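Chain letters run A, B, ... following the sequence lines, proteins first and then strands; every chain starts at 1. No experiment lies behind these values; they were computed from the predicted model shown.
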Protein chains: 2
Amino acid sequence: MADPQQVLCAHFDRYLALDEAERRALMERSRVRRLKKRGFILQEGEVCRCYTYVVEGCLRMYEIDAKGVEHNLQFAQENEWIVDIGSFHAEKPSSLFIEALEPSTVVCIEHGDLLRLYTEHPKFDRNFRVIIEDLFVELQQRLLRRNASSAEQRYAHFVQHHPGLAARVPNVHVASYLGVTPEFLSRLRAKTSKRG
Amino acid sequence: MADPQQVLCAHFDRYLALDEAERRALMERSRVRRLKKRGFILQEGEVCRCYTYVVEGCLRMYEIDAKGVEHNLQFAQENEWIVDIGSFHAEKPSSLFIEALEPSTVVCIEHGDLLRLYTEHPKFDRNFRVIIEDLFVELQQRLLRRNASSAEQRYAHFVQHHPGLAARVPNVHVASYLGVTPEFLSRLRAKTSKRG
DNA sequence: AAATGACCTTGATCCAGATCAAGGCTTCAG
DNA sequence: CTGAAGCCTTGATCTGGATCAAGGTCATTT
């Protein structure tokens, strides 16, 4: 299989492509990590030390509320980023967990390393700006949908736009991501499959 | 009153401060606009042409759903940005409205101008990256709260963290922002004020 | 000063989705 | 092979919040 760091470089090339120096800097300032299923990258109370890029596998980021209930905030599959940006930048303890749902291969960039990449190669400022802008737009859409659509519509949208995830991730987690209980999602699924 | 563009420069100085050349470029590539109450910066179907910085006043961004109901996605007061980033970057028609809730003064940067600022002065890449990262974190928190907290808790949080807005903006809009009906928010308020 | 419209409130009723409880299927560690 | 833990489903019941309807206050316009 391709070298994970090469995959990361290729990912950046989809934005403003990296030159040789930038590529080398990125290789030096990142490191590959393998996770087994249920492995944690981040747990509540820890500082989120890494920007993490998923080369293979699937992770989720979630919070546990006062009643002990989990709330999935984000999934990350191949070629997606996952990080608690707030904790990462402020270097403050996170309230979130990041856990591998499958055995996964990721590339991590630590805080200090990323700052150096930014100042030594401004193109990373640019590329990460664009990456986050895209994530931001997605998140806004999600919040709008959360307020404007029924659970049924939200689930339909999820399946349409993330068929891969819908197949890959247990429904409990999808339910939590959509903001409904697993029981209710199960009923929605029963209803929709009868129709279709 | 201070020159609006100066206020914008001062805003950037809170991140990586601008040098003389950058400041001049910013002045050249932005323009001041005054809005009256109910004035629109953006309407559904239009392309969002500007990154807009609020110097004075208060705006809201919202969507109208299939049933004709408005959903407030964001408020912007003094020293805050408001823009449909998705529409802005893709130069595609927006599904959102941006409307002044009060007579307001804003500074706009158009698409082409912003791109030039980015490429001619990479510091803008940096500063806008940081700005969006902060907005992103806020938005994530909001989505988490939407899924993990009751309407009552969300309203309490809103009042605590945005006392200015709570006083300034009609409750109809706050309700929509929180994802509840105005009637229900009214009942929550009645309940909480009785207690307090 | 009347009239329109924006905003807030309160009551009655309804419903999407939660909660509680139980049973069954799979998968995987021991 | 066996048990236990995940995961999914289905039923019965409950509730946070929506919907519908009406009235009241205030500010702006004419």
Atom CD of A/Glu152 and atom C1' of C/dC15 are separated, to the nearest Å, by 14 Å
Rounded to whole Å, NZ of A/Lys36 lies from P of C/dC28 at a distance of 15 Å
Legend entry - A/Gln74 side chain near B/Gln140 side chain, heavy-atom distance below 4.5 Å: yes
B/Asn72 atom CG is separated from C/dC7 atom C1', nearest whole Å, by 14 Å
Checklist entry - Under 6.0 Å from the six-membered ring centre of A/Tyr177 and within 45° of its axis: does the NZ or CZ of A/Arg142 meet both? => result yes
B/Arg38 CZ to D/dT29 P, in whole Å, measures 11 Å
Of the candidates C/dC7, D/dG17, D/dC8, the side chain of B/Pro170 sits closest to C/dC7
In whole angstroms, the gap separating C1' of C/dT9 from NZ of B/Lys191 amounts to 16 Å
Rounded to whole Å, the CZ-P distance (A/Arg189 to C/dG17) equals 17 Å
(request) For residues B/Phe12 and B/Phe128, establish whether the separation of their ring centroids is below 6.0 Å. (result) yes
- Query: Can you check whether A/Leu26 reaches A/Phe124 side chain to side chain, under 4.5 Å on heavy atoms?
  - Reply: yes
Point to revise | Note, A/Lys123 side chain near A/Tyr15 side chain (heavy atom, < 4.5 Å) | key: no
A/Arg146 CZ to D/dG17 P, in whole Å, measures 10 Å
Practice prompt. Evaluate the criterion side-chain contact (heavy atoms from CB on, under 4.5 Å) for residue pair B/Ile109 and B/Tyr53; output intermediate values, then yes/no.
Written response: CA-CA 8 Å; B/Ile109 309 178; B/Tyr53 176 79; over 6 Å; no
Whole-Å distance, B/Asn171 CG to D/dT25 C1', equals 15 Å
Under a 4.0 Å heavy-atom cutoff, the residues of residues 175-188 of chain B touching DNA chain D are B/Gly179, B/Val180, B/Thr181, B/Glu183, B/Phe184, B/Arg187
